[in-house]
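Note sheet for the following structure.
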Amino acid sequence: MPELPEVETTRRGILPATKGRSVSAVVLRERRLRWPIDPALPSLITGRLLENIERRAKYLLFRFANGTLLVHLGMSGSLRLIEGAPPPPRKHDHVDLVFEGGALLRYHDPRRFGCMLWIEGDASAHPLLRDLGPEPLEEAFDGAVLFRASRGRRSAVKQLLMDGTVVVGVGNIYASEALFRAGIDPRRAAGKVSAARYEALASAVREVLGESVATGGTTLRDYVDSNGRPGEFALRLNVYGREGEACPRCAAAIRQVRLGQRSTFFCIGCQR
DNA sequence: ACTGGATCCTGACTGC
DNA sequence: TGCAGTCAGGATCCAG
């Protein structure tokens with residue numbers, strides 16, 4: 001799936017053709033996502049103006065005057081912008097949002113871990129958004145946030161980094177990459193990492209995510225952007241997926257371990 | 001309150 | 001060519 005940079009790339013890609021336009025039709029082909037799509041969705045947003053598309057963590061928030069459509073791409077989802085005559089839907093093209101003027105957003109998600117939820121009223125109070133930590137690319141996120149959250153925690157620092165109540169948007173790839181840049185062993189107990197090292201880690205998170213957003217996200221497997229194109233691969237991954245290869249910094253072999261059921265890559269020479 | 005584990009689902013890939 | 005097993009970018013939910 002899309003990690004934060006891929007979701008942000010999608011948001012930027014679909015915004016110009018959809019913001020300020022009215023929805024002319026909604027096609028639901030498959031409602032069984034992580035939670036079922038409300039069958040009333042078409043009647044709720046057809047004829048309504050899409051005021052904006054915002055992002056919180058890896059959620060996209062489609063803002064209408066009468067509510068918010070909360071969209072998550074899960075592990076395998078994509079949202080594709082189609083302008084002009086739409087091709088016939090492929091397998092797993094579950095939803096179309098059609099806009100006046102012809103632009104169409106097509107939601108594709110083979111594994112169906114994503115969601116499309118209608119929220120009335122204050123979306124930020126919704127249980128899925130309420131308890132989320134700060135955005136990693138905004139001012140509120142720094143080393144002190146990580147340090148405070150880590151005290152007394154015995155689980156691995158990588159798991160702290162991927163805990164959405166601590167900081168949002170750091171997925172499995174970028175967690176490994178940020179820890180590599182900061183020189184921290186992903187297995188280290190979160191509560192035993194110093195404040196100074198958390199400053200370095202917070203900077204590394206900002207760097208990695210910032211660079212990736214700037215270059216349109218990273219492609220692995222089946223990620224495509226809103227134009228259906230794969231990401232640029234412009235952000236070089238130093239350790240993720242490179243078990244056995246030479247560390248770009250010290251040439252030691254990169255190791256792979258499992259942490260919290262997720263593959264984790266690191267350099268035993270550079271990361272302590 | 002924190003922690004690890006199971007879980008949702010399809011598809012790509014590996015080894016026999 | 002088929003079949004079984006493993007793994008995948010997420011994150012919620014539940015038991016202990």
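The chains referred to below are lettered A, B, ... by the order of the sequence lines, with proteins before strands, and numbering in each begins at 1. Just so you know, these numbers come straight off a predicted model, no measurement behind them.
- Between A:R255 and A:E243, none of the side-chain N atoms (NZ, or NE/NH1/NH2) sits under 4.0 Å from a carboxylate O, so this pair counts as no salt bridge.
- Taking the P atoms as reference points, C:dC7 lies 15 Å from B:dG5, given to the whole Å.
- Rounded to whole Å, atom P of C:dA11 lies 13 Å from atom CZ of A:R111.
- One can place CD of A:Q261 at 9 Å from C1' of B:dT7, the figure rounded to the nearest angstrom.
- Using a 4.0 Å heavy-atom criterion, one finds that A:R112 contacts the sugar-phosphate atoms exclusively.
- Among the atoms of the strands shown, only primed sugar atoms or phosphate atoms (P, OP1, OP2) are found under 4.0 Å from some heavy atom of A:R153.
- Proximity of A:H92 to the phosphate of B:dG11: a side-chain N or O atom is located under 4.0 Å from OP1 or OP2.
- Residues A:Y240 and A:L259 are members of separate hydrophobic clusters, defined by side-chain heavy-atom contacts under 4.5 angstrom among Ile, Leu, Val, Met, Phe, Trp and Tyr.
- Phosphate proximity of B:dG4 to A:Q159: present, with a side-chain N or O under 4.0 Å from OP1 or OP2.
- Here the C1' atom of nucleotide B:dT3 and the CZ atom of A:R187 are 19 Å apart, to the nearest Å.
- With hydrogens and angles disregarded, a donor-acceptor distance shorter than 3.5 Å links the side chain of A:R11 to the backbone of A:I53.
- Scanning all heavy atoms of the two residues, the minimum distance from A:A202 to A:G143 falls at CB-N, 3.5 Å.
- With a 3.5 Å ceiling on both atom-pair distances, B:dA1 lacks any Watson-Crick or G-U wobble partner.
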Legend entry - Residues A:D38, A:R31; criterion salt bridge (charged side-chain N to carboxylate O under 4.0 Å, His left out); working and verdict: CA-CA 8 Å; A:D38 185 345; A:R31 295 198 300 115; over 6 Å; no

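- Of the candidate nucleotides C:dG10, B:dG11, C:dC13, C:dG10 has the atom lying nearest to any side-chain atom of A:H72.
- Residue A:Y59 places at least one side-chain N or O closer than 4.0 Å to OP1 or OP2 of C:dT12.
- The nearest whole Å value for the distance from the NE2 atom in A:H108 to the P atom in B:dT10 is 13 Å.
- Between A:R262 and C:dG10 there is a side-chain N or O to OP1 or OP2 distance below 4.0 Å.
- As the counterpart of C:dC7, B:dG11 is assigned, both hydrogen-bonding distances of the Watson-Crick or G-U wobble pattern falling under 3.5 Å.
- Residue side chain A:F113 fails the stacking definition with respect to B:dC9, as its ring centre and the base's six-membered ring centre are not both under 5.5 angstrom apart and under 30 degrees in plane angle.
- Side chain of A:S155, nearest nucleotide from C:dT12, C:dC7, B:dT3: B:dT3.
- Rounding to whole angstrom units, CG of residue A:L73 and C1' of C:dG10 are separated by 11 Å.
- At whole-Å resolution of the value, CG in A:L33 and P in B:dT10 are 12 Å apart.
- Taking the P atom of each, C:dT6 and B:dA6 are spaced 14 Å apart, rounded to whole Å.
- For A:S76 and B:dT10, the shortest distance from a side-chain N or O to OP1 or OP2 is not below 4.0 Å.
- Of all heavy-atom pairs spanning A:P42 and A:L28, the tightest one is CD-CD1, 3.9 Å.
- At the phosphate of B:dT10, neither OP1 nor OP2 sits under 4.0 Å from any side-chain N or O atom of A:K91.
- Counting non-hydrogen atoms under 4.0 angstrom, A:R258 reaches the backbone sugars and phosphates but no base.
- Taking atom NZ of A:K58 as the reference point, atom P of C:dT12 lies 10 Å away to the nearest angstrom.
- Rounding to whole angstrom units, CG of residue A:L132 and C1' of C:dT12 are separated by 12 Å.
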